[in-house]
Amino acid sequence: RKIAVKDSVSRGDLTALLLDELKVEQLFAGRIPAKSQLAAMKAEFTPADVLTHPFRDEVLTTMKWKVRGLEPKFDQTTKAYLFKPDDSVTRGEMAFILEDVLIKLTGNEKLATAFFGQDRSPFPDVKATSPYYNAVLNMTSRGIMEGDLSGEFRVAEPVDGAEAILAIRMLQQKINIY
């Protein structure tokens, strides 16, 4: 509930939403054939910046499933991979993350390149060469995320709490998870 009123959702907040709202752990676990494989799966390491973070377990679970867009990032200052749980998630990153969840749940790898090769983008702020282009079109064409009334997607703006929850719930509806 606290996340819903935020102006900007952090990477840590989003991991909690994915696990609490979408139940990603249970959904992805159903894709692993043997329980022995599931027990052996864990995050490759624990980034130093999440050791005392309130969403530590959620971050490690998300890392275990290797959700694209929520991987640790190399930090030049510390010369280490950090999760950066307090960094804001942009709308482009959110589309990228939800696209990866959709690909993992459906098993349809073709979704990752479904819109490549198109010349024109329906959004003036998302070029066809943008790394988020395919994800944005996957999310908007399925009604999971929406563009702005101005016609822009606002790819570089932070996702607010209500928007994040709505997108996750729309994804939940689209894949018929109850």
Side-chain angles (χ1 to χ4, degrees), residues 1-32 35 37-75 78 80-106 111-112 131-132 135-136 138-140 142-146 153-178:
R1 294 181 199 273
K2 290 181 181 180
I3 294 173
V5 296
K6 287 187 168 190
D7 290 334
S8 174
V9 172
S10 72
R11 289 168 51 90
D13 294 338
L14 188 56
T15 61
L17 280 176
L18 287 172
L19 269 73
D20 293 343
E21 293 289 324
L22 198 55
K23 311 287 187 229
V24 164
E25 174 76 357
Q26 291 90 340
L27 293 172
F28 288 174
R31 302 281 180 205
I32 305 294
K35 287 191 180 210
Q37 283 180 304
L38 184 60
M41 283 186 69
K42 62 179 187 168
E44 294 174 9
F45 70 100
T46 302
D49 60 345
V50 297
L51 288 173
T52 59
H53 196 274
F55 294 133
R56 176 183 179 267
D57 293 338
E58 289 84 349
V59 167
L60 293 176
T61 300
T62 305
M63 285 177 55
K64 170 176 81 172
W65 294 110
K66 297 180 180 0
V67 177
R68 266 186 334 164
L70 286 175
E71 306 98 338
K73 301 174 181 180
F74 187 76
D75 182 57
T78 60
Y81 282 92
L82 301 176
F83 188 79
K84 302 190 180 231
D86 298 320
D87 283 3
S88 293
V89 177
T90 66
R91 289 177 46 83
E93 290 169 332
M94 179 81 172
F96 195 67
I97 292 161
L98 293 181
E99 178 188 53
D100 191 58
V101 170
L102 184 63
I103 289 168
K104 283 179 169 51
L105 292 177
T106 63
L111 290 175
Y132 299 120
V136 166
N138 264 319
M139 293 301 103
T140 56
R142 287 172 172 72
I144 296 169
M145 292 180 78
E146 294 180 356
F153 186 76
R154 298 180 298 126
V155 72
E157 290 186 26
V159 175
D160 68 45
E163 224 175 358
I165 291 171
L166 181 62
I168 288 171
R169 289 194 176 153
M170 291 303 291
L171 176 60
Q172 189 177 36
Q173 274 186 347
K174 299 293 179 191
I175 54 179
N176 294 323
I177 301 166
Y178 295 104

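Just so we're clear, the structure is a prediction, and the values are computed from it rather than from any experiment. Residue numbers run from 1 in the order of the sequence given.
A salt bridge is defined here as a Lys NZ or Arg NE, NH1 or NH2 lying under 4.0 Å from an Asp or Glu carboxylate O, and Glu25 with Lys64 meets this definition. Using a 4.0 Å cut-off between charged nitrogen and carboxylate oxygen, Glu21 and Arg169 count as a salt-bridge pair. Residues Lys6 and Asp13 are paired through a salt bridge, judged by an N-O separation under 4.0 Å between the basic side chain and the carboxylate. Using a cut-off of 4.0 Å between Lys/Arg side-chain N and Asp/Glu carboxylate O, Lys84 and Asp75 are scored as salt-bridged.
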Report task. For side-chain contact (heavy atoms from CB on, under 4.5 Å), just list the numbers for Glu44 and Lys66, CA-CA rounded to whole Å, side-chain angles, deciding distance to a tenth of an Å, and then say yes or no. Result -> CA-CA 10 Å; Glu44 294 174 9; Lys66 297 180 180 0; 2.9 Å; yes
Query - Stepwise side-chain contact (heavy atoms from CB on, under 4.5 Å) check, Leu98 with Leu102 - result: CA-CA 6 Å; Leu98 293 181; Leu102 184 63; over 6 Å; no
Report task. In sequence, state the C-alpha distance, the side-chain angles, and the governing distance for Leu22 and Val101, and then conclude on side-chain contact (heavy atoms from CB on, under 4.5 Å). Result -> CA-CA 10 Å; Leu22 198 55; Val101 170; 3.7 Å; yes
Query raised in the report: Between Arg91 and Val136, does a side-chain contact (heavy atoms from CB on, under 4.5 Å) hold up when you go through it step by step?
Result: CA-CA 9 Å; Arg91 289 177 46 83; Val136 166; over 6 Å; no
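Side-chain atoms of Ser88 never come within 3.5 Å of backbone atoms of Ser8 as a donor-acceptor pair (strictly under, hydrogens ignored). With hydrogens and angles disregarded, a donor-acceptor distance shorter than 3.5 Å links the side chain of Asp100 to the backbone of Arg68. Within the 3.5 Å criterion, the main-chain N or O of Asp20 finds a donor-acceptor partner in the side chain of Lys23. Although no hydrogens or angles enter the test, the distance criterion places no donor-acceptor pair under 3.5 Å between the side chain of Glu157 and the main chain of Arg154. With Arg11 contributing its side chain and Val89 its backbone, the two residues share no donor-acceptor pair below 3.5 Å.
Heavy-atom minimum distance, His53 versus Gly12: CE1-CA, 4.4 Å. A pairwise comparison of heavy atoms in Glu58 and Ala16 identifies CG-CA, 3.9 Å as the closest pair. Of all the heavy atoms in Asp49 and Pro85, the pair that sits closest is OD2-CD, 3.2 Å. What you find for Phe153 and Ala95 is that their closest heavy atoms are CZ-CB, 4.4 Å. Nearest heavy atom pair, residue Ala167 against residue Met94, reads CB-CE, 4.0 Å. Looking at every heavy atom in both residues, Ala156 comes nearest to Thr90 through O-CG2, 3.6 Å.
Taking NZ from Lys104 and CZ from Phe28, the interatomic distance works out to 6.0 Å, rounded to the nearest 0.5 Å. If you take CD on Glu93 and OH on Tyr132, they are separated by 4.0 Å, rounding to the nearest 0.5 Å. Here CZ of Arg56 is found 9.5 Å from OG1 of Thr52. Values are rounded to the nearest 0.5 Å. If you take CZ on Phe55 and CZ on Phe83, they are separated by 11.5 Å, rounding to the nearest 0.5 Å. Here the straight-line distance linking atom CG of Leu171 with atom CD of Glu99 works out to 11.0 Å at 0.5 Å rounding. Atom CD1 in Ile168 sits 4.5 Å away from atom CG in Leu17 (nearest 0.5 Å).
Side-chain polar atoms of Thr15 and Thr62 form no donor-acceptor pair below 3.5 angstrom.
Checking each of Leu19, Val9, Val67 against Leu14 for a side chain to side chain contact (heavy atoms under 4.5 Å, CB included) leaves exactly one that passes, namely Val9.
Other residues, nucleotides and ligands contribute only 12 or fewer heavy atoms inside 6.0 Å of the CD atom of Glu146.
Counting heavy atoms from C-beta outward, Ile97 and Leu18 have side chains that approach closer than 4.5 Å. Counting heavy atoms from C-beta outward, Phe45 and Pro72 have side chains that approach closer than 4.5 Å.
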